[in-house]
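Beneath this line is the structure, given in structure tokens, with notes to follow.
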Amino acid sequence: MSGGQLERNIGFLEAMTLGGGTMIGAGIFILPGIAAEGAGPASSVSFLIAGFVALLAALSLSELATGMPIAGGSYHYVNRALGGFFGSIVGWGMWTGLMFASGFYMIGFGQYLVEPIPFLDGRAFVVLLGLVGLSLIVGVNYYGTEESSQLQNIMIGAETVVVLAYVALGLFFIDPTNLDPFAPTGPSGIIATTGVVFVSFLGFEIIATVAGEIKDPSRNIPLTMILSVVLVTILYALVMIVTTGVLPYQAIGDSLVPVSDVAVVFAGAVGVVAIVAAAAIAAISSSNSSVLAAARVNFAMGRDDLMSDWLSVTHGRFGTPHRAIVVTGAVIALLIAVGLQVETIVALLAEVASFSFLVSYSLVHVALVVFRRADPEDYDPSFRIPDVLYPAVPVLGVILTVVVISQMAPIIIVLGLGIVGLGVGWYFVYVRDHAVDRGLIDEAIAPTTDAYRVLVPVANPDTQRGLIRLAAATARAHTDEGTPELVAVNVLQIEDPDPQQNVAAERLENQRDLLEATRDIAAEMDVQLRTVAMTGERVDGTILEAIVDEEPDQVLLGWGGTLTRQGHVFGPNLDSVVEKAPCEVTLVTLHDETIGTPVALAGPGPHSPVAARRAADFATVDGTVPTLLNVQQPMADGEAAARKRGEVVIEDVAEQAGLDPEAFEREVIVDDDIEAAILDTVNRYNTICVGLSERSAASRVMFGTIAERVSQEATSNVGIVRGSNES
């Protein structure tokens, strides 16, 4: 078995056929009859409206998908932006919607094969053929995405030729009298039909759902999504004009194979054979795309703990989410079996699928606004909706989806709300106790303030808990400045990224692991937590980039405690951060999980006050009182004078650190060997804080003799502290 990682092996042509091919697919052969019954010749307008609504969603999805090109599509973006509650609604809605659509396509597949062959007549044959076709699709998807995409290319090419021929020839056989009245059911009928036919426009969502497997996602995702919607919308409008123009819409509305009935008028038996073949291919290709996408939604929900992570495993040999594919296929098979009641189930499956996706897209538009306002570090889309169209696109998108839903049949609204209720119920039964991603909605509503912020890079699972506790304690000590914030950063080092590598997925996985490890600690310490996963060729450069972006008051770094002396002081990933970070820097070596009572060396160095303040921050972890330590050599006028001088130094350091007199203990030691006395004393404490010495003119990090000996010889936790370096 393999972890939850998918390979990038879908190119522009494959993405285009997944998106455009799904939309050109089965809907074009089955839906014209249902659409004509609902709106007459004006059903072409219904398709244009549906295409416009889809285009708005495609614009929002293009930005989101290039910002986070990983498996899951709309579900992932809503879950990331709005949290597990809405993620559950969209996840279940998309999964069921795609499965309903796939069931709709495969029943249509059976209908077109059975209708012209008398000895196959019967609903049982429709279902049987649908199940056989589904088995083929599930098998191909199980074997591999690349193989599935290659099959898709062949099928889409064949059916597109037939559809274009249907339109080109049919235009010459249009009887204008069939187009009058153009809108027999009026505007309400047109809008209601828009909801029915919207299932035809799911293809662009499929592109976003498999974004984790698309090559060159920054180019191919927006290009294929927008292009496929525009081209298919025009094609559908032309198909409806031809279909309702060649035959009266009343005759079309009663047919289960409407396009075949129209083709026989101007193309005879040859046209019927071509249409039947194209319809069968279209049903297979559309269902193939839907199974592919539905399994990725299932896979992503398992990855995000909204379902069992049993579903987020990829096949060790084929690299496909094989478990999610099998589960999805099994549910679709049940939906097809219900297709024994063909007359009602076809329209029902299509409309419920449309409802589910309309709800999902309305939340996608909201998610886009949330991402724009929260602007998380890991969101860097290569495609952005132009400023002149924002926020008009998401606002209009939400309004139009609500309008279309409001005009759908009451039974569809009830069934659709039932699926929404399923997602809500699933959240309270399962997700609330399992999901770790709380969404970005709080940051979007109340953007990050100027309250005290601590940035802590984490990489080692053995030390990250201790580092997070110390960083959270430091942040919490500054609640008087507003609600403090802790930013946990994980750097994924990529020296020479492979274009096939799904970096976004790896970054998400790292971030989720970090969330798991830090959420409880942050809650316990009562601080706001954000996690950021970054990629870069150099760890130090990436951390400095995060510091520039986040503008923290302090960066807290884990350090192994070993001095390299081979061109570095603390190590290649730390020296430049210590030297260049404009904020305060704390290097921590953890020998023990217990922070206990910290001690700070109170001396004349410029960073002693910062070390004293850090000791006071660390003391809040276990509710102790820090000690400020000063060691003096004996004076000619006696030990009392030496102690007095040490106390003056401590008071001066405490005043510079902003510590109240009752907030710390004082300890002055008089000894000829200052360094030995310091080492003997500090080892009685659990945690030691010591300041760096001043920097040299060459701008090298100067560690200092005492700090060096403490870090190398102390058995307690050690914090090496540098003050702000802003210039």
Sequence neighbours left out, what passes side chain to side chain contact (heavy atoms under 4.5 Å, CB included) with Asn683? Give chain and number order.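 Here the qualifying residues are Ala714, Thr715, Ser716.
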
Side chain to side chain contact (heavy atoms under 4.5 Å, CB included) with Leu679: which residues, sequence neighbours excluded?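 Partners of Leu679 by the side chain to side chain contact (heavy atoms under 4.5 Å, CB included) criterion, ordered by chain and then number, come out as Arg709, Val710, Glu713.
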
Residue pair [X] / [Y], side-chain heavy-atom distance below 4.5 Å:
{"X": "Val454", "Y": "Pro552", "value": "no"}
{"X": "Val670", "Y": "Pro634", "value": "yes"}
{"X": "Leu64", "Y": "Phe371", "value": "yes"}
{"X": "Val682", "Y": "Leu601", "value": "yes"}
{"X": "Leu557", "Y": "Thr586", "value": "no"}
{"X": "Ile669", "Y": "Gln632", "value": "no"}
{"X": "Tyr390", "Y": "Val369", "value": "yes"}
{"X": "Thr542", "Y": "Pro457", "value": "no"}

Are any side-chain N or O atoms of [X] and backbone N or O atoms of [Y], one a donor and one an acceptor, separated by less than 3.5 Å?
{"X": "Ser608", "Y": "Gly603", "result": "yes"}
{"X": "Asn717", "Y": "Thr594", "result": "yes"}
{"X": "Thr66", "Y": "Phe383", "result": "yes"}
{"X": "Asp673", "Y": "Ala676", "result": "yes"}

Please name all residues satisfying side chain to side chain donor-acceptor pair (under 3.5 Å) with Glu639, sequence neighbours left out, ordered by chain then number.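 Arg643.
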
So how far is it from [X] [atom1] to [Y] [atom2], rounded to the nearest 0.5 Å?
{"X": "Asp549", "Y": "Leu455", "atom1": "CG", "atom2": "CG", "result": "10.0 Å"}
{"X": "Ile543", "Y": "Ser576", "atom1": "CD1", "atom2": "OG", "result": "8.0 Å"}
{"X": "Glu485", "Y": "Asp553", "atom1": "CD", "atom2": "CG", "result": "10.5 Å"}
{"X": "Phe664", "Y": "Ile650", "atom1": "CZ", "atom2": "CD1", "result": "7.5 Å"}
{"X": "Leu368", "Y": "Arg372", "atom1": "CG", "atom2": "CZ", "result": "6.0 Å"}
{"X": "Ile720", "Y": "Phe570", "atom1": "CD1", "atom2": "CZ", "result": "6.5 Å"}

Identify the residue among Val487, Val489, Val555 that makes a side-chain contact (heavy atoms from CB on, under 4.5 Å) with Ile547.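 It is Val555, the one option of Val487, Val489, Val555 that forms the side-chain contact (heavy atoms from CB on, under 4.5 Å) with Ile547.
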
List the steps, then state whether side-chain contact (heavy atoms from CB on, under 4.5 Å) holds for Val366 with Leu82. CA-CA 9 Å; Val366 176; Leu82 307 180; 4.1 Å; yes

Under the salt bridge (charged side-chain N to carboxylate O under 4.0 Å, His left out) rule, what pairs show up with a residue in residues 661-670, not counting sequence neighbours?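 Residue pairs passing salt bridge (charged side-chain N to carboxylate O under 4.0 Å, His left out), neighbours aside: Glu651-Arg666, Glu667-Arg684.
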
Using the salt bridge (charged side-chain N to carboxylate O under 4.0 Å, His left out) rule, collect all pairs that involve residues 605-616, keeping only residues at least two apart or in two chains.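 Qualifying pairs: Glu584-Arg613, Glu584-Arg614, Arg614-Asp617.
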
Using the salt bridge (Lys or Arg N to Asp or Glu O under 4.0 Å) criterion, which residues pair with Arg384? Sequence neighbours excluded.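 Here the qualifying residues are Glu63.
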
Presence of salt bridge, Asp622 and Arg469, under 4.0 angstrom: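 Asp622 and Arg469: salt-bridged.
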
